[in-house]
Amino acid sequence: MLAIIRRGTDEEKIKFVSDMLNKNGFGVSRFRNDGVDILSVEGETDMLACFDIVERVVGIHEECRFSSRINHPEDTVMEICGAKIGDGGFAFIAGPCSVESREQIIEIAKEVKNAGATMLRGGAFKPRTSPYSFQGIGTEGLEFLSEAKKETGLPTVSEITDIAMLEAYENVDVLQVGARNMQNFELLRELGKTNKHILLKRGFSATVDELLMSAEYIMAGGNMKVILCERGIRTFENSARNTFDVSSIAVLKKKTHLPVIADPSHAAGMASFVKPLTFAACAAGADGAMLEVHNDPMHALCDGAQAVTPDEFESIARISANIRKAISE
Ligand code: PEP
Ligand code: MN
């Protein structure tokens, strides 16, 4: 692989990268072409894409051939029924954990749209940890979701748990693969044959590289429309529902050209933590966030404790836009 170094990079920094690669077992030789420094690296590593001094990497990177920035340096920008993601802005997907009724989803859709959301979420098939918890209202929920889209124009996101149900998702714009299914390789392979946008959530025990390999399963089938989502992982810490891995956002943005969003709601588990975690995701460079928003969190059938109200969402969205503006200056 060849690492093309940015013009004007300090000698010291080039030496640092070269030594680092050597220490990690990669042979490195250096040459200059037309005033540009080039490191020739033996073997394959996606470490190269993580160094700021590296402008471009040339060479085929087999493991992450579709998702890696090495083979696709520019950010992928997606447009879903007019809603852009990955274009440098901070997009919001908002809505309840679960679609509960026609009235509930339409009301919340209108409120989140007014508050700044560009996409609507709502689960119809809920993969719950306990078989005795509310499992979602099923296909009817998908119908109510598409009615909410008709009312508001917001594109929709809903989780798919079983490929046999694909037809029922015809009017859903983004198919979500939940944390519990991140390594359901058969499901991923089948989604790779579809033309739908896929929101792939990180499994709570999965590494960043495993998340990228799961994206590869979808992309290798021909579907390049994958959005990645950090939603918190399991660690020894138990003061929040999960540990929000902010680092993964910065790392993913270096390693892949795919849009990266955060789900602070499932990381936090408590509504009061959602705001600071959203700001952290925005500051870390995420392309957007998916938030659980409910107009009556106390009576929500699922995940009420982590749902913010439409008013709270409005303030989170407004301040996030300012954060994004500040860090892009
Ligand atoms: C969800 O987004 O509703 C959900 C179940 O999330 P996760 O798969 O991340 O737990
Ligand atoms: Mn939920």
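Side chains are part of it too, since the values below use all heavy atoms of this structure and drop only hydrogens, waters and symmetry mates. Residue indices begin at 1 and follow the sequence shown. Note that ligands are numbered from 1 as they come in the structure, with each ligand's atoms numbered from 1 the same way.
Numbered from 1 in the order shown, with element, the atoms of ligand 1 that lie under 4.0 Å from a heavy atom of R121 read 1 (C), 2 (O), 3 (O). The ligand atoms of ligand 1 that sit less than 4.0 angstrom from a heavy atom of G178 are 8 (O).
A salt bridge does not link K275 with E312: none of the charged nitrogens is closer than 4.0 Å to a carboxylate oxygen.
Nearest to the Mn ion (ligand 2), among the N, O or S atoms that H266 has, is NE2. Among the heteroatoms counted here (N, O or S) of E292, OE2 is the one nearest to the Mn ion (ligand 2). The minimum distance between the Mn ion (ligand 2) and any N, O or S atom of D303 involves atom OD2.
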Evaluation steps, side chain to side chain donor-acceptor pair (under 3.5 Å), between H266 and E230: CA-CA 10 Å; H266 288 87; E230 160 61 34; over 6 Å; no
Stepwise side chain to side chain donor-acceptor pair (under 3.5 Å) test for Q306 and S265: CA-CA 6 Å; Q306 68 195 31; S265 306; 5.3 Å; no
Working for salt bridge (charged side-chain N to carboxylate O under 4.0 Å, His left out), residues D173 and K149: CA-CA 10 Å; D173 301 293; K149 177 182 174 179; 3.0 Å; yes
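Between F273 and F244, the ring centre distance reaches or exceeds 6.0 Å.
Ring-plane geometry between H72 and H257 is classed as parallel, the angle between the planes falling under 30 degrees on a 0 to 90 degree scale with a further cut at 60.
Closest heavy-atom approach to atom 10 (O) of ligand 1 among the candidates H266, R241, R231: R231. The residue from R180, E159, K201, K126 that puts a heavy atom closest to atom 2 (O) of ligand 1 is K201.
Proximity of E292 to ligand 1 is established by a heavy-atom distance of less than 4.0 Å.
In terms of protein heavy atoms, atom 8 (O) of ligand 1 is closest to A179 N, 2.7 Å.
Here C302 does not reach the Mn ion (ligand 2): none of its N/O/S atoms is less than 2.8 Å from the metal.
Hydrophobic clustering (side-chain heavy atoms under 4.5 Å, transitive across Ile, Leu, Val, Met, Phe, Trp, Tyr) keeps L211 apart from I233.
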